Amino acid sequence: MPAKPRSLIVGNWKMNGLRSSLVEIAHMARGYDSKLRRACEFIVCPPATLVYFAAKEALGSHIGIGAQDCHIEASGAFTGEVSAEMLADSGATTVIVGHSERRSYSAETDGDVKSKALAALRAGLMPIICVGETNSDREGGHTLAVIKRQLSGSVPGSADSETLVVAYEPIWAIGTGLTPTLADIAEVHRFIHRELNAILGSHGAALRRVLYGGSVKPSNAREILALEHVDGALVGGASLKAEDFLAIARAAPAPH
Ligand code: 13P
C-alpha cells in the first residue's frame, strides 16, 4: 500500500455549543499529545460564535480551529453573513464549505460552493469541500455520477491541492448510525482521488486528503480510517464530547 498522508480528523459541531462547551476544547487540547500528533492532524469546527474563544482556548496546543461556512465576499452589505477573512481574523485556519445541510436548507449550488472555496483560499483558510449522494441517488445506482458532478462543479481547478480537502459524506449516513460498507467507502474514495487528479492535476496528489463523514464513531473509526484512499474523517455528533472525539483520533493508523 502506498504511504498515506497523516490522517486529518475534523469535528463539525454544527449548531451546537455555548461558551460552556469550551471545556471540551480544553480537554481535546490536553489529549492531543505528541503520540497523537504524529498520527493525525486535529481540527474542531464550532459554530461561528465560538471560533474566537475556541482559538484562544486552543492556543499553544496544536489543535486547529475551523468554521462551518463562509460568505463569498470579504466584506460588504450582507446582513447576517460572516466572511472567510473574518473567520481567519478570529483564529480559524479551516472552513467547511458545501455541507449537505447547507446545500439542502440554504439551497447552495455547486457554483456557490466553488465560490466559497475560492473565498476561503483567498483568506488563507483551508476549505473542506463536502460532497455526497442522497439515498435515492444510491438506490438508483447514481452515486459516482452525482459525486463526479459535485466535484467538477464545486472544486476550483486552480486550487493548490495541498490546501484543499474534500469530504465524502453520504447524506443518508449523516446522523443516522448507518454507514456504507467498507468496500463502498473505498470505491468512492478511490474515485474521488481519481477525479481530483483530473481536476487539479497529479502534482501534489500524494498529499491530497479525502475525508469520510457520516456516523463515524469510536467503534467504527479504526476500520474506516485504515482504508486505502481514506485520509481522515469529518465527524458530527461524536465530535461534541472530547472523550469520543479523541478516541476517534486515536484510531487513526500510525504513519508509515
Ligand atoms: P454525524 O457524524 O453526526 O453523522 O455527522 C456527520 C457530518 O455531517 C459531519 O459534517
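Hydrogens, waters and symmetry mates play no part in the numbers below; they use all other heavy atoms, side chains included. Model, not experiment: these values are computed from the prediction. Just so you know, ligand 1 is whichever comes first in the structure, and atom 1 is the first atom listed for that ligand.
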Open item on the list: Check whether Gln150 reaches the backbone of Gly132 with its side chain - one donor and one acceptor, N or O, closer than 3.5 Å.
Closed with: yes
- [ ] Without swapping roles, check the side chain of Tyr168 against the backbone of Pro170 for a donor-acceptor pair under 3.5 Å.
- [x] no
Open item on the list: Are any of the N/O atoms on Asn12, whether in the backbone or the side chain, positioned under 3.5 angstrom from an N/O atom of ligand 1?
Closed with: yes
Task: Gly236, any N or O under 3.5 Å of ligand 1 N or O - done: yes
- [ ] Identify the residue among Arg102, Arg103, Lys14 that makes a salt bridge (Lys or Arg N to Asp or Glu O under 4.0 Å) with Asp69.
- [x] Arg102
Open item on the list: For a 4.5 angstrom cut-off between non-hydrogen side-chain atoms, does Ile72 reach Asp112?
Closed with: no
Open item on the list: Are the side chains of Trp13 and Leu50 in contact, using a 4.5 Å heavy-atom criterion?
Closed with: yes
Atoms in ligand 1 with a heavy atom of [X] nearer than 4.0 Å:
{"X": "Glu169", "value": "6 (C), 7 (C), 8 (O), 9 (C), 10 (O)"}
{"X": "Gly237", "value": "1 (P), 2 (O), 3 (O)"}
{"X": "Leu234", "value": "9 (C), 10 (O)"}
{"X": "Ser215", "value": "1 (P), 2 (O), 4 (O)"}

Task: Lys217, NZ: over 12 other non-hydrogen atoms inside 6.0 angstrom - done: yes
Open item on the list: Can you confirm whether more than 12 heavy atoms, excluding those of Tyr52, are under 6.0 Å from its OH atom?
Closed with: no
Open item on the list: Could you check whether any heavy atom of Ala238 sits closer than 4.0 Å to an atom of ligand 1, since that is the contact criterion I want to use?
Closed with: no
- [ ] Could you check which of Gln68, Lys217, Lys14 puts a non-hydrogen atom nearest to atom 8 (O) of ligand 1?
- [x] Lys14
- [ ] Measure Ile174 to ligand 1 on non-hydrogen atoms and call it side chain, backbone, both or neither using the 4.0 Å cut-off.
- [x] both
